[in-house]
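Worksheet: the structure to be examined is printed underneath.
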Amino acid sequence: MPHAALSSTQEALTLEDYFHVACQHLKKHAIENPANEAYTILSHLLNKDIAFIISRFKETIHDGFSKDSFWEILNRRSQNEPMAYIFGEREFFGKNFSVGPGVLIPRPETEHLLEWVMEDHVQKPFTHGIDLCTGSGIIGLCLGEELSIPFECVDTSDEALQWTRKNLEQRVNFKGDIHKMDILTDLPGKLGKVDLITMNPPYIPSADIHHLSNDVKDFEPHLALDGGVSGLEFLDMALKEIQSIAQIGCHLYLELGFGQKEILSSINLNSWKLEGWRDDLAGIPRIAKLTFLSE
Ligand code: GLN
């Protein structure tokens with residue numbers, strides 16, 4: 001139900017009024033960091049940055065602000081729906097990606113994977129890439145554009161691939177394609193062999209899924225999160241299959257999670273050699289780089 005102050009047509013409401021109503025509503029529904037969330041909602045509705053919102057706090061709102069949208073966003077967020085789904089987009093690597101139900105929301109730590117690939121490309125240019133478990137396409141579409149090389153984006157989920165296709169439409173300079181494939185059964189022979197493979201596989205241990213925040217576990221696809229008992233069960237099975245699309249010397253860059261450096265060193269890497277790790281900003285070993293040694 002709309003807040004009484006906001007229902008009144010007599011009163012001129014300031015940004016501060018809307019801010020307080022949003023904070024109260026979010027707090028009532030136990031949403032964490034209500035003030036940050038309230039700023040983000042106002043910033044989205046007014047299409048202005050947060051500094052603008054704060055600097056105009058005492059001003060009344062005139063054009064370009066819909067109370068209905070304000071309440072729709074507030075009510076959806078109060079049910080824990082991720083902001084990226086409500087807004088239909090999330091920024092990643094300086095670009096906007098469309099996202100919604102059925103696809104994983106881009107996380108900032110994935111940017112470390114792109115940075116590492118781009119640094120290596122300067123030393124020894126890659127010629128053709130494949131992005132496995134592509135989801136919204138953030139890794140494959142960004143790297144295809146940044147490196148100016150063809151990139152194939154692969155996923156098994158039809159729901160996720162709808163978002164990949166939508167994001168591909170925005171990438172005018174992208175050379176490459178989108179492929180619906182199951183990595184565990186469909187890879188050999190269909191894509192050829194490349195010198196660069198990237199992958200953000202599902203890596204959360206199954207038993208940890210119910211500890212994730214409600215935003216994640218109730219809304220994001222478990223197919224993109226659940227990596228089996230150890231978290232690396234899917235990867236363990238996939239590494240052998242991925243060899244069929246790797247040229248000798250091909251580099252494979254993987255995003256993994258907390259505590260998985262030890263687990264990766266305990267699984268059979270087949271013909272892959274582990275080159276090293278990069279930490280994320282929290283100091284967690286996040287990106288692993290492997291090289292394919294032999295057929
Ligand atoms: N980084 C995601 C999270 O922590 C997990 C992504 C994945 O499993 N690939 O929620």
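In listed order, ligands and their atoms are each counted from 1. Just so it is clear, the values below take in all heavy atoms, side chains as well, and ignore hydrogens, waters and symmetry mates.
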(request) Determine the sole option in Glu119, Glu109, Glu255 for which the side-chain hydrogen bond (donor to acceptor under 3.5 Å, both in side chains) test with Arg278 is passed. (result) Glu119
(request) Just jot down the ligand 1 atoms closer than 4.0 angstrom to any heavy atom of Ala224, in number order. (result) 7 (C), 8 (O), 9 (N)
(request) Among all protein heavy atoms, pick the one closest to atom 4 (O) of ligand 1 and tell me residue, atom and distance. (result) Ile204 CD1, 3.9 Å
(message) How about CZ on Phe57, more than 12 heavy atoms from neighbouring residues, nucleotides or ligands closer than 6.0 Å, or not?
(response) yes
(request) Report the part of Pro201 in contact with ligand 1, treating N, CA, C, O as backbone and CB onward as side chain, heavy atoms under 4.0 Å; options are side chain, backbone, both, neither. (result) backbone
(request) Measure the distance from atom 8 (O) of ligand 1 to every protein heavy atom, then report the residue, atom name and distance (to 0.1 Å) of the closest one. (result) Tyr203 N, 3.2 Å
(message) Out of all atoms in ligand 1, which are within 4.0 Å of some heavy atom of Glu109? Include the element for each.
(response) 1 (N)
(request) Pull out every atom of ligand 1 sitting under 4.0 Å from any heavy atom of Pro202, numbered as shown with elements. (result) 8 (O)
(message) Within the structure provided, determine whether Tyr39 and Ile54 are in side-chain contact (heavy-atom separation under 4.5 Å).
(response) yes
(message) Quick one about Asp131 and Thr198 (side-chain donor to acceptor, distance below 3.5 Å, no hydrogens or angles considered), yes or no?
(response) yes
(message) Out of all atoms in ligand 1, which are within 4.0 Å of some heavy atom of Leu225? Include the element for each.
(response) 5 (C), 8 (O), 10 (O)
(message) Quick one: does any side-chain atom of Glu111 pair with a main-chain N or O of Phe93 as donor and acceptor, under 3.5 Å?
(response) yes
(message) Both conditions, 6.0 Å and 45 degrees, for the charged tip of Arg56 above the ring of Phe19: are they met here?
(response) no
(message) Tell me the protein heavy atom at minimum distance from atom 3 (C) of ligand 1, and give that distance in Å.
(response) Arg107 NH2, 3.7 Å
